[in-house]
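When reading the values below, keep in mind they use all heavy atoms of this one structure, side chains included, and skip hydrogens, waters and symmetry mates. All values derive from a computational prediction rather than experimental measurement.
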Amino acid sequence: SFEGKEVESLDGLEINQKVIAKGRVIEEKNIYFGTKLLILDSGIEVVCDCSRNFLDRKVRVEGIVEDYEGKKQVKVLKIMS
């Protein structure tokens with residue numbers, strides 16, 4: 001099982017820290033082929049190698065905190081809706 005900390009925000013978290021984030025996807029953008037940026041209603045940005053559409057769905061994300069150009073995001077290991 002995934003040992004992650006359930007979070008509402010990425011403030012103060014370490015890079016590579018394992019986290020669990022839940023929320024509704026309020027925005028979805030294709031970054032490049034097969035990779036999407038999902039923005040949760042909590043403001044957390046999630047990067048997902050997925051083809052499914054998650055817009056307006058409630059999701060549970062397991063992933064690790066990454067730094068992208070000085071901004072923290074969650075790199076998805078597993079996403080469920």
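- Taking 4.5 Å as the limit, some side-chain heavy atom of Thr35 sits within range of a side-chain heavy atom of Val47.
- In this structure, CG on Leu40 lies 12.0 Å from NZ on Lys58, to the nearest 0.5 angstrom.
- In summary, Lys75 and Asp49 engage in a salt bridge, as defined by a charged side-chain N under 4.0 Å from a carboxylate O.
- Side-chain contact between Lys72 and Glu66: absent, with no pair of heavy atoms (C-beta onward) separated by less than 4.5 Å.
- Between Asp11 and Leu13 there is no side-chain heavy-atom pair separated by less than 4.5 Å.
- Interatomic distance, CZ of Arg57 versus CD1 of Ile79, reported as 10.5 Å (0.5 Å rounding).
- Contact check for Glu27 versus Leu38: no side-chain heavy atoms found under the 4.5 Å cut-off.
- The pair Lys36-Glu28 meets the salt-bridge criterion, since a charged nitrogen lies less than 4.0 angstrom from a carboxylate oxygen.
- A salt bridge between Glu6 and Lys22 is present, with a side-chain N of the basic residue lying under 4.0 Å from a carboxylate O of the acidic one.
- In this structure, Asp41 and Gly23 approach most closely via the heavy-atom pair OD1-CA, 3.6 Å.
- Looking at heavy atoms from C-beta onward, Val74 lies in side-chain contact with Val61 at the 4.5 angstrom threshold.
- Ser42 and Arg24 are not linked by any side-chain donor-acceptor pair at a separation below 3.5 angstrom, with hydrogens and angles left out of the test.
- Rounding to the nearest 0.5 angstrom, the gap separating the OH atom in Tyr68 from the CD1 atom in Ile31 is 7.0 Å.
- Note: the hydrophobic cluster containing Val7 also contains Val59 (ILVMFWY, side chain heavy atoms under 4.5 Å, direct or indirect links).
- Side-chain contact between Leu10 and Ile44 is present, with heavy atoms from C-beta onward closer than 4.5 Å.
- No salt bridge links Lys18 with Glu3; every basic N to acidic carboxylate O contact stays at or beyond 4.0 Å.
- Remark: the backbone N or O of Tyr32 is not paired with any side-chain donor or acceptor of Asn30 at under 3.5 angstrom.
- Met80 and Ile20 are members of different hydrophobic clusters when ILVMFWY side chains are connected at heavy-atom separations under 4.5 Å.
- Note: Ile15 CD1 to Asp67 CG = 4.5 Å, rounded to the nearest 0.5 Å.
- For the atom pair SG (Cys50) and NZ (Lys78), the distance works out to 15.0 Å, reported to the nearest 0.5 Å.
- Contact between Phe2 and Val19 at its shortest, heavy atoms only, is CE2-O, 3.4 Å.
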